[in-house]
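Down below is the structure, laid out as structure tokens.
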There are 2 protein chains.
Amino acid sequence: MLTIGQLARYVGVSTKTVRVYHAKGLLPEPERDSSGYRRYSADAVVELVRIRMLADAGVPLARIRELGSTPEELADALQQIDAGLTARIKGLRDTQRRLRKLAAGEIRILPANVEEHLAGLPALGFTDRWIAMERDLWIIVYATHPDLADTLFQDQAQSLTDPDLRNLYLAADHAHDLDPDDPALIELADRIVAASIQRYGTEPPGSDADPAIPDLLQNTLNAASPGWQRLDSLIRSRMADAGFTLRTTSDDSHDG
Amino acid sequence: MLTIGQLARYVGVSTKTVRVYHAKGLLPEPERDSSGYRRYSADAVVELVRIRMLADAGVPLARIRELGSTPEELADALQQIDAGLTARIKGLRDTQRRLRKLAAGEIRILPANVEEHLAGLPALGFTDRWIAMERDLWIIVYATHPDLADTLFQDQAQSLTDPDLRNLYLAADHAHDLDPDDPALIELADRIVAASIQRYGTEPPGSDADPAIPDLLQNTLNAASPGWQRLDSLIRSRMADAGFTLRTTSDDSHDG
DNA sequence: CTTGACCTTGCCCCTAGGGCAATGTCGCAC
DNA sequence: GTGCGACATTGCCCTAGGGGCAAGGTCAAG
């Protein structure tokens, strides 16, 4: 008869594995010899090979234990396991495909149409710096307001088809490099506020949802350059004068 | 800015997962707001997506942490991971193939030639009972003496090509159903011992290695029927008389 | 003011075993 | 009979990648 080591070596597992299977009730404890060693018959080999085959297929041991009753439900279970394997193979292939995209730098975090929109911005004259900021902005908008984000994005994308609005955005982009005291910032702020009122009235889309979005924009801009910080400040004061419903958060909880 | 829940939902993981990644140093701890909540920027989303992509590919978290230094060694690592994925897909497909064999009952525990030998026995007139016994026997021989087993098996397979020997084995098979007192058993034992001496002299192959194999045969036979038990007993006493080197184990350590 | 949905940390649980310790046993060599 | 190396026994702690719960703090709404 076989010792635990012989059994384990023949099937290609460790003795520990065999003991674990005993402890979990997968493999019945065999008789012990006079010194307390386990002694296995050939049946144990067959059973252990069966268990290993299923375990290699990723079947949890607890499920393997439940498995062995009637032949038809065993066949059923085997079919399920087979289907699970097929699914896992497909999943791994998908992962591999995505991983290759990651290696190629084509990582996709935003919806495809947003990525396309961002990809089209350089041709319109926007700086990489502005595009990066917009990208971060959309990531956070989609994360915080998945329901509103598409609407907001459609509006934004559509507004760039208007040459006047597009020029305003371009001007805001390049305001990054302006001195905070440059009077051009004042003029730009006036034009932006006027265009906003013309487009939205005093109730911009999403403003009733959460102050996080304008706040976020503010913080992103402020952190980037003194020029943008000044521009943002000017826009806010002018919008408040115009009766815009911008609930400003006054606490320090959104610093960063 | 994002709370941990928003970040987790957007990327499709649990908040616990994000905290684990902080604890393991995979994702830097973000700033806290005034109430101690973590506040994430868009960078964290990008980083978390990257981590999840690698983790989904089965890369251990500890390795993901080491990963991000220079671009060329990152590309190298990605290629290794890709190769690992390919290997795992292949492994799963192999598993699936073996599992289907298991479902079809074509499970392979013994070497292919032994299985073929066993598969040929019914056509020679052996009973299923005998074949099952021989199968168990070979499993244990291959497990306990992988070095000798092939030699022993070749000898056994070759001996069946001799019609006289084959008839002896067939007679032993059918002795299962004989009464222990049947005189045919005595005659059969005599013929078996004579044939053994003619084939091997008094030193059968493997007998110098371990008493386990004849013991095993003995126990298997004895457990099966009174007829076989009597036959075994007769053979042993005659072989001992003939000076056969059968070291009999007298202790009780191989019961079962 | 309460309620429910969040967030915080800390703790134990899981799988499928690996690895170690302390101890007992086997078979071989001296 | 003594020693040695290989093997066996049980029990305990460890791993990765979280899950789930407890006990508490926070936030916005009714």
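Labels below follow one simple rule: chain letters A, B, ... track the order of the sequence lines, proteins then strands, and each chain is numbered from 1. Since we're looking at a predicted model, the values are computed, not measured.
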Quick one about A:R100 and B:Q79 (side-chain donor to acceptor, distance below 3.5 Å, no hydrogens or angles considered), yes or no?
no

Please determine whether a side-chain nitrogen of the Lys or Arg among B:R38 and B:D33 lies less than 4.0 Å from a carboxylate oxygen of the Asp or Glu.
no

Through what angle, rounded to 10 degrees, does the axis of the helix from C:dC1-D:dG30 to C:dC30-D:dG1 turn between its ends, using five pairs per end?
20°

Taking OP1 and OP2 of D:dT26, is either one under 4.0 Å from a side-chain nitrogen or oxygen of B:R38?
no

B:F153/B:H145 aromatic ring centres below 6.0 Å
no

Closest to the B:Y37 side chain, choosing from D:dG25, D:dA8, C:dG18:
D:dG25

Polar contact flag, side-chain donor to acceptor under 3.5 angstrom, A:R88-B:Q96:
no

Please name all residues satisfying salt bridge (charged side-chain N to carboxylate O under 4.0 Å, His left out) with B:D56, sequence neighbours left out, ordered by chain then number.
B:R52

At less than 4.0 Å, is any side-chain N or O atom of B:R19 found next to OP1 or OP2 of C:dT8? Yes or no.
yes

Measure across A:I4 and A:T15 and return the closest heavy-atom pair with its distance rounded to 0.1 Å.
CD1-O, 3.8 Å

Spacing of A:L48 atom CG relative to C:dG17 atom P, expressed in whole Å:
10 Å

What I want to find out is whether B:R50 reaches B:E47 closely enough, with some N-O distance under 4.0 Å, to be called a salt bridge.
yes

Is any side-chain N or O of A:S14 closer than 4.0 Å to OP1 or OP2 of C:dG18?
yes

Within this structure, what is the CG-to-P distance between A:L2 and D:dC7, rounded to whole angstrom?
15 Å

Quick one: B:L7 CG to C:dC6 P, roughly how many Å, whole number?
15 Å

Nucleotide nearest B:S35 when distance is taken to its side chain, options C:dT8, D:dT9, D:dT26
D:dT26

Please determine if B:D94 and B:K90 form a salt bridge, counting it only when a charged side-chain N lies under 4.0 Å from a carboxylate O.
yes

Atom CE of B:M1 and atom P of D:dC27: how far apart are they, to the nearest Å?
17 Å

Spacing of B:I51 atom CD1 relative to D:dG18 atom P, expressed in whole Å
11 Å

From CD1 of B:I4 across to P of D:dC27 the rounded distance in Å is 16 Å

For C:dG24, does either OP1 or OP2 sit under 4.0 Å from a side-chain N or O belonging to A:R32?
no

Determine, stepwise, if the pair A:M53 / B:I107 fulfils side-chain contact (heavy atoms from CB on, under 4.5 Å).
CA-CA 10 Å; A:M53 212 118 79; B:I107 193 170; 3.8 Å; yes

Polar atom pairs (N or O), protein with nucleotides 13-17 of chain D, under 3.5 Å:
| unit_1 | atom_1 | unit_2 | atom_2 | d |
| --- | --- | --- | --- | --- |
| D:dG17 | OP2 | B:L61 | N | 2.8 |

Between CG of B:D33 and P of D:dG25 the distance, given in whole Å, is 16 Å

Under 4.0 Å: is that the gap between some side-chain N or O of B:T3 and OP1 or OP2 of C:dC7?
yes

